[in-house]
Undergrad: 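My structure is below; once you've seen it, I'll send some questions.
For the single chain, residues carry numbers from 1 onward in sequence order. Because the structure is predicted, anything quoted here is derived from the model rather than measured.
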Amino acid sequence: MKRRVVVTGMGAITPIGNNVNEYWESLKAGKVGIGPITYFDASDYKATLAAQVKDFNAKDYMDPKAARRMETFSQFAVAAAKEAMEDSGLDMSKEDPYRVGVSIGCGVGSLQRMESEEHKLVTKGPSRISPLMVPMLISNMAAGNVSIQFGLKGKSINIVTACSTGTHSIGEAYRTIQYGDADVMFAGGTESAICPIGIGGFAALTALTSATDPMRASIPFDKERSGFVMGEGSGVVVLESLEHALNRGAHIYAEITGYGATSDAYHITSPAEDGEGAAKAMTEAMDEAGVTPEQVSYINAHGTSTHHNDLFETRAIKLALGEAAYHVPISSTKSMIGHLLGAAGAVEFIACVKTIQDGFIHPTAGLKVPDEECDLNYVPGHGIEADVDVVMSNSLGFGGHNATVLVRKYQ
């Protein structure tokens, strides 16, 4: 018997708010968190805009000594996990710590630490490399630090599937609880890669937009889209078996009822042109949940603002939902916060849960010029109030990774 899995806590660090409420209210208002890069002089780079986290101080969330032993991506994860734990009301003194696990992924770890230590190597020699270089830069340390900070001794994993990392991390945590390997999982993603090699590398790939107007930079499904905007932050949710949540009297936000994961087996950066792989992930999630395309209330799209992604994802939605694709509202959170890479699916999942809670579908901000080939309802201009029951969250990653999580109103 597969166990039911519910969401009981949420935490977020984003470019438009450093907690879930601020983040969600900003999304509802259509606030765009994109601006000129301030972390380094980007004047010679093809991309000069990013969606940076503002006013974040790690010491507000953890011991200063612990913070100094973490790179920013780990600090973001610990901060988001702290909010999620407090929100959930989970008391670890009353739990078996070996039944509480972590599934928090990160796409690239700390490129900043690699940059700074490589500079030391070249200018001062190998003896000057920090002994903490490796444990600070490797991507699994977000999950590791969350586990250490909160005494979570169950399964602790770091899934790395590029831009689908956050959604896979939540999906695999859901599976872990379903099949009894844990009662509680802290799940999500984190990223902080706005640095010279990060921006330079993605720009060299022609993945980033060279737009200079923050309001016309991340414009998913718009005919004038020209690439994504790098974002940063973290999203962490507390997932529990329904039985465990009820036994401790937890507040239940929503229930996860479906998860689909596939691979395009097609290209290292481009999704499959016909959208078949992403469509299969969506149909797998719907089949597990026992819902029809007509029952889907809203889709939170991967929606990166690149030409290929938005076109091929549109085709995938049509393939998965058929005629119902033309009637379901679809929007992209990335239109306001940019692309958080390994954290994207996690903060978007939180937006999905809040959509169910508030009965409000946030807009795809900045969408002004219709694209004839992207002809679905992407909620341009303003958000819409609606009774939302079933929500699908999509993520697509370099390498052909596809993930869909289906979350619905708790009954």
Undergrad: Which heavy atom in Ala81 sits nearest to a heavy atom in Phe150, and how many Å separate them?
TA: CB-CE1, 3.8 Å
Undergrad: Counting C-beta onward and ignoring hydrogens, is there a side-chain heavy-atom pair between Asp222 and Asp371 closer than 4.5 Å?
TA: no
Undergrad: Could you tell me the separation between the NZ atom of Lys2 and the OG atom of Ser241, rounded to the nearest 0.5 Å?
TA: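 With rounding to 0.5 Å, NZ (Lys2) is 15.0 Å from OG (Ser241).
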Undergrad: To the nearest 0.5 angstrom, please state how far the CD atom of Gln149 sits from the NZ atom of Lys82.
TA: 10.5 Å
Undergrad: When rounded to the nearest 0.5 angstrom, what distance separates OG in Ser147 from CZ in Phe186?
TA: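 Taking OG in Ser147 and CZ in Phe186, the distance rounds to 10.5 Å.
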Undergrad: For atom CE of Met62, is the number of surrounding heavy atoms from other residues, nucleotides or ligands below 6.0 Å larger than 12?
TA: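 Buried by this count: over 12 neighbours within 6.0 Å.
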Undergrad: Is there side-chain contact between Val391 and Ile299, with heavy atoms separated by less than 4.5 Å?
TA: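 Counting from C-beta outward, Val391 and Ile299 never come under 4.5 Å.
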Undergrad: Is any side-chain heavy atom of Val184 closer than 4.5 Å to one of Arg99?
TA: no
Undergrad: Anything under 3.5 Å between a donor and an acceptor, one on a side chain of residues 207-214, the other on a protein residue two or more places apart or in another chain? List them.
TA:
residue : atom : partner : partner atom : Å
Thr209  : OG1  : Ala211  : N            : 3.0
Thr209  : OG1  : Ser226  : OG           : 2.6
Asp213  : OD1  : Met215  : N            : 3.0

Undergrad: For the residue pair Leu321 and Met392, establish whether any side-chain heavy-atom pair is separated by less than 4.5 Å.
TA: yes
Undergrad: Carefully, step by step, assess Ile252 and Leu242 under the rule side chain to side chain contact (heavy atoms under 4.5 Å, CB included).
TA: CA-CA 9 Å; Ile252 295 172; Leu242 176 59; 3.7 Å; yes
Undergrad: From Asp389 CG over to Thr355 OG1, what is the distance, rounded to the nearest 0.5 angstrom?
TA: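 The distance works out to 13.0 Å.
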Undergrad: Enter the distance from Ile219:CD1 to Lys334:NZ here, rounded to the nearest 0.5 Å.
TA: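 The distance works out to 15.5 Å.
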Undergrad: Specify whether His308 and Phe312 have parallel, tilted or perpendicular ring planes, treating 30° as the upper limit for parallel and 60° as the lower limit for perpendicular.
TA: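 Rings of His308 and Phe312: tilted, 30 to 60°.
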Undergrad: Report yes or no: do Thr262 and Asn402 form a side-chain donor-acceptor pair below 3.5 Å?
TA: yes
Undergrad: Would you say Ser234 and Glu191 are linked by a side-chain donor-acceptor pair, where the criterion is simply a distance under 3.5 Å?
TA: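 No, no side-chain donor-acceptor contact under 3.5 Å.
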Undergrad: Side-chain contact, heavy-atom cut-off 4.5 Å: Phe221 with Thr314?
TA: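 Yes, side chains in contact.
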Undergrad: Is atom OH of Tyr98 surrounded by more than 12 heavy atoms (other residues, nucleotides or ligands) closer than 6.0 Å?
TA: no
Undergrad: May I ask you to decide if the ring planes of Phe56 and Tyr61 are parallel, tilted or perpendicular, using 30° and 60° as cut-offs?
TA: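 Because their plane-to-plane angle is under 30°, the rings of Phe56 and Tyr61 count as parallel.
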Undergrad: Would you check if Ser218 and Met336 make a side-chain contact, meaning some heavy-atom pair closer than 4.5 Å?
TA: no
Undergrad: Taking Ser139 for the side chain and Gly107 for the main chain, is one N or O donor matched with an acceptor at less than 3.5 Å?
TA: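 A pair under 3.5 Å: no.
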Undergrad: Describe, in one word, how the ring planes of Phe202 and Phe398 are oriented to each other, choosing from parallel (under 30°), tilted (30 to 60°) and perpendicular (over 60°).
TA: tilted
Undergrad: For the atom pair CD (Glu86) and CG (Leu90), what is the distance rounded to the nearest 0.5 Å?
TA: 11.5 Å
Undergrad: Hey, does Leu376 have a side-chain heavy atom less than 4.5 Å from the side chain of Tyr326?
TA: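 Contact flag for Tyr326/Leu376 side chains = yes.
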